[in-house]
Every structure is written in structure tokens, then in C-alpha cells.
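Have a look at the structure below before the remarks.
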Amino acid sequence: MKKFLLFIPFIFLIFSGCDTLSQVAKTASAQTTNPSTSEIGNGLKQALELGTTKSSDQLSTVNGFFSNAAVKILFPPEAQKVEKTLRSIGLGKLADNVILSLNRAAEDAAGKAKPIFISAIKQMTLQDVTNILLGSQDAATQYFKRTTTSQLAESFKPVVQTSLNKVGATKYYSDAAAAYNKVPFASKVNPDISDYVTQKAISGLFVEIAQEELNIRQNLGARTTPLLQKVFSFYDKNKK
């Protein structure tokens with residue numbers, strides 16, 4: 001009888017262990033199953049919202065453009081001869097002021113990008129989501145270029161113009177252009193700089209977004225939620 005009584009807890013432990021193993025197996029199975037269509041959509045949108053928000057926030061800080069060699073705005077190509085000439089005649093400080101003020105204007109504008117990107121994300125179709133997740137390494141960046149560039153330009157332009165005026169960029173660049181235009185035999189340059197800064201600000205934003213997209217596609221540590229881990233694990237198994 002005593003042996004039988006001792007055997008009962010042993011049996012209980014065996015069956016209890018089986019239940020635990022069963023739960024572990026089910027959990028492991030759930031973790032390795034493919035994400036549902038809904039999870040893919042929600043996971044990708046979550047990733048894109050995180051990436052675009054981070055990019056916008058980084059570039060809209062002081063020196064977000066100016067201290068970032070990948071996106072720093074310099075004199076327009078057609079006006080680089082202006083900069084060279086100014087520096088050669090002792091007006092290097094004026095040239096420096098122009099460059100700093102162009103980047104300050106872009107930094108002011110970058111903060112306006114977030115609601116535009118979030119709107120584009122919300123409007124994504126299932127086909128958009130699939131094409132982005134399983135597409136090229138910059139598929140999301142290309143999607144944003146197609147769907148947001150015109151809105152970004154419309155939103156950025158007045159902010160850039162206001163900022164250029166506020167920090168003196170319009171005056172600095174006009175002064176630089178005027179000084180250069182006085183150089184004998186120099187071809188004249190257009191003193192209007194706002195369109196150029198708007199375009200460069202948008203281009204810089206897409207450079208940052210492309211980096212964030214590549215990061216989450218390649219870096220496991222960037223997948224900070226269970227949903228992102230599940231969706232991009234599926235991407236890892238199915239990427240081209």
C-alpha cells in the first residue's frame with residue numbers, strides 16, 4: 001500500500017510534465033507559424049511608422065542636417081562657383097553663414113513630415129504591404145517617394161521660406177549671389193534658394209528613411225516588438 005501511495009505523486013508528475021511540454025510545444029509552434037495577413041499588415045505599418053517618425057525626429061533637431069554628412073545641404077551645384085569665388089576673395093564667413101542657414105531651414109521643415117507619412121501608411125492596401133515586405137531592400141522608401149513627395153514639397157516650402165527669412169538665409173544667399181554677380185565676366189546666378197532647400201530637405205529625409213528600412217530588414221535588434229519579430233522573421237525566410 002505504501003508503495004502504491006508513493007507511486008501516485010510520481011504518476012502526477014509525469015502527467016503534469018506532459019501538460020507542460022504540450023504547452024511549450026504549442027507555444028513554439030505558434031512562434032514558428034507564418035503571420036496572418038492582418039499581422040503582416042499591422043507589423044509592417046508599425047515598422048514604417050517607427051522608422052519614419054525616427055527619421056523625422058532626428059532631422060528636425062538642431063544640427064540634424066548640418067552635422068549629418070549624408071544629408072548636409074551645401075551650395076547648389078550651379079552656385080558652387082559662387083562659394084569658391086567668395087572664399088577666394090575673403091568672404092568665407094558669408095559662405096559659411098549661407099550653408100548653416102540652409103540646413104537650419106531644412107531642420108525646421110523636417111518636423112512637418114510625420115503626419116504626411118502616417119497618412120500614407122494608413123492608406124496602404126494589402127498589395128502595397130505585400131510588395132513592400134517582400135520587395136527590394138528600399139521598397140518602403142520607394143513607396144513613400146511615390147506617394148508623399150508632392151505633399152512634402154507643399155508642406156515644406158512655406159516652412160523653408162519662413163525659416164530662410166528667420167535665420168537670414170535669404171539675405172545671406174542674396175548677398176552671396178549679389179557679391180558673385182559683381183565679379184567681372186562671371187555668369188549670373190539666381191538668388192532664389194527656397195526651392196532648392198525644399199528639394200534637398202525631402203531628399204535628405206528619404207536618405208534617413210532608407211537607412212531605417214535597411215536597419216530593420218537586416219538587424220534583428222531593431223525588431224523591438226513580438227509582432228515585428230514575427231513579421232520580419234517571415235520576411236527573412238521569403239526575401240528575394
Side-chain angles (χ1 to χ4, degrees), residues 51-117 138 141-142 144-145 148-215:
T52 54
T53 296
K54 182 178 178 181
S55 299
S56 179
D57 287 345
Q58 286 180 336
L59 291 179
S60 62
T61 59
V62 174
N63 293 328
F65 272 85
F66 186 72
S67 295
N68 185 338
V71 299
K72 184 177 181 178
I73 301 175
L74 303 175
F75 272 77
E78 68 275 12
Q80 287 174 3
K81 56 189 176 182
V82 176
E83 178 183 10
K84 183 178 180 180
T85 302
L86 291 177
R87 294 190 187 283
S88 71
I89 60 176
L91 295 177
K93 180 62 176 176
L94 176 57
D96 290 338
N97 286 339
V98 169
I99 292 173
L100 179 61
S101 58
L102 300 185
N103 285 275
R104 289 290 182 261
E107 289 158 9
D108 282 347
K112 298 291 184 180
K114 283 192 286 186
I116 295 173
F117 286 132
D138 66 342
T141 305
Q142 295 304 320
F144 285 126
K145 284 184 178 180
T148 66
T149 295
S150 61
Q151 288 177 280
L152 289 171
E154 184 179 348
S155 178
F156 278 23
K157 182 67 181 289
V159 178
V160 166
Q161 187 62 65
T162 299
S163 181
L164 289 172
N165 293 335
K166 179 182 70 177
V167 299
T170 304
K171 181 178 185 303
Y172 288 139
Y173 189 76
S174 295
D175 289 349
Y180 177 80
N181 287 339
K182 291 178 182 178
V183 176
F185 308 111
S187 57
K188 306 303 180 184
V189 296
N190 186 351
D192 184 3
I193 195 68
S194 59
D195 281 339
Y196 169 74
V197 175
T198 298
Q199 292 167 7
K200 294 297 286 184
I202 294 170
S203 296
L205 193 55
F206 286 133
V207 168
E208 285 295 300
I209 289 173
Q211 291 177 350
E212 289 300 319
E213 179 179 4
L214 190 61
N215 183 43

- [ ] Could you tell me which non-hydrogen atom of Ala113 sits nearest to which non-hydrogen atom of Leu205, and how far apart they are?
- [x] CB-CD2, 3.3 Å
- [ ] Look up atom OG1 in Thr85 and atom CG in Leu91, then write down how far apart they are to the nearest 0.5 Å.
- [x] 10.0 Å
Open item on the list: Can you confirm whether Gln58 sits close enough to Glu212 that some side-chain heavy atom of one is under 4.5 Å from a side-chain heavy atom of the other?
Closed with: yes
Open item on the list: I need the minimum non-hydrogen distance between Ala105 and Ser163, along with the two atoms involved.
Closed with: CA-OG, 3.1 Å
TODO: Can you measure from CG (Leu152) to CD1 (Ile116) and round to the nearest 0.5 angstrom?
DONE: 4.5 Å
TODO: Output yes when a side-chain donor or acceptor of Glu107 lies under 3.5 Å from a complementary backbone atom of Val62, and no otherwise.
DONE: no
Task: From Arg104 atom CZ to Ile73 atom CD1, the distance as rounded to the nearest 0.5 Å - done: 11.5 Å
Open item on the list: Please report the interatomic distance NZ(Lys157) to CD(Gln199), rounded to the nearest 0.5 Å.
Closed with: 9.0 Å
Open item on the list: When you compare the side chain of Phe206 with that of Asp138, does any pair of heavy atoms fall below 4.5 Å?
Closed with: no
Task: Atom of Phe65, atom of Ala110 and distance for their closest heavy-atom approach - done: CE1-CB, 4.2 Å
Open item on the list: How close do Pro76 and Ile193 get, counting heavy atoms only, and between which atoms?
Closed with: CG-CD1, 3.4 Å
- [ ] May I ask you to check whether Glu213 and Thr141 show a side-chain donor-acceptor distance below 3.5 Å?
- [x] yes
TODO: Ignoring hydrogens and angles, tell me if any N or O in the side chain of Asn165 forms a donor-acceptor pair with the backbone of Gln161 under 3.5 Å.
DONE: yes
Open item on the list: With a sphere of 6.0 Å drawn around CD of Gln80, does it hold more than 12 non-hydrogen atoms of other residues, nucleotides or ligands?
Closed with: yes
TODO: For side chain to side chain contact (heavy atoms under 4.5 Å, CB included), just list the numbers for Glu83 and Arg87, CA-CA rounded to whole Å, side-chain angles, deciding distance to a tenth of an Å, and then say yes or no.
DONE: CA-CA 6 Å; Glu83 178 183 10; Arg87 294 190 187 283; 3.0 Å; yes
- [ ] Looking only at non-hydrogen atoms, find the nearest pair between Val160 and Ser194 and report the distance.
- [x] CG1-O, 3.8 Å
- [ ] Measure the spacing between CD1 of Ile99 and CG of Leu74 and express it to the nearest 0.5 Å.
- [x] 5.5 Å
Task: Gln142 CD to Ile209 CD1 distance, which is reported to the nearest 0.5 Å - done: 11.0 Å
TODO: Specify the closest pair of heavy atoms between Ala179 and Leu86, including all atoms of both residues, with the distance to one decimal.
DONE: CB-CD2, 3.8 Å
Task: Residues Asn68 and Glu208: side-chain donor-acceptor under 3.5 angstrom - done: yes
- [ ] State whether the side chain of Ser56 and the backbone N or O of Thr52 hold a donor-acceptor pair below 3.5 Å, judged by distance alone.
- [x] no
Task: Lys81 NZ: over 12 foreign heavy atoms closer than 6.0 Å - done: yes
- [ ] Output, in order, the C-alpha distance, side-chain angles, deciding distance and verdict of ring pair (Phe, Tyr, Trp, His ring centres under 6.0 Å) for Phe117 and Phe144.
- [x] CA-CA 7 Å; Phe117 286 132; Phe144 285 126; 5.1 Å; yes
Task: Check: Ser67 side chain, Gly64 main-chain N or O, donor-acceptor pair, under 3.5 Å - done: no
TODO: Kindly determine whether Lys200 and Leu102 satisfy side chain to side chain contact (heavy atoms under 4.5 Å, CB included), including the steps that lead there.
DONE: CA-CA 10 Å; Lys200 294 297 286 184; Leu102 300 185; over 6 Å; no
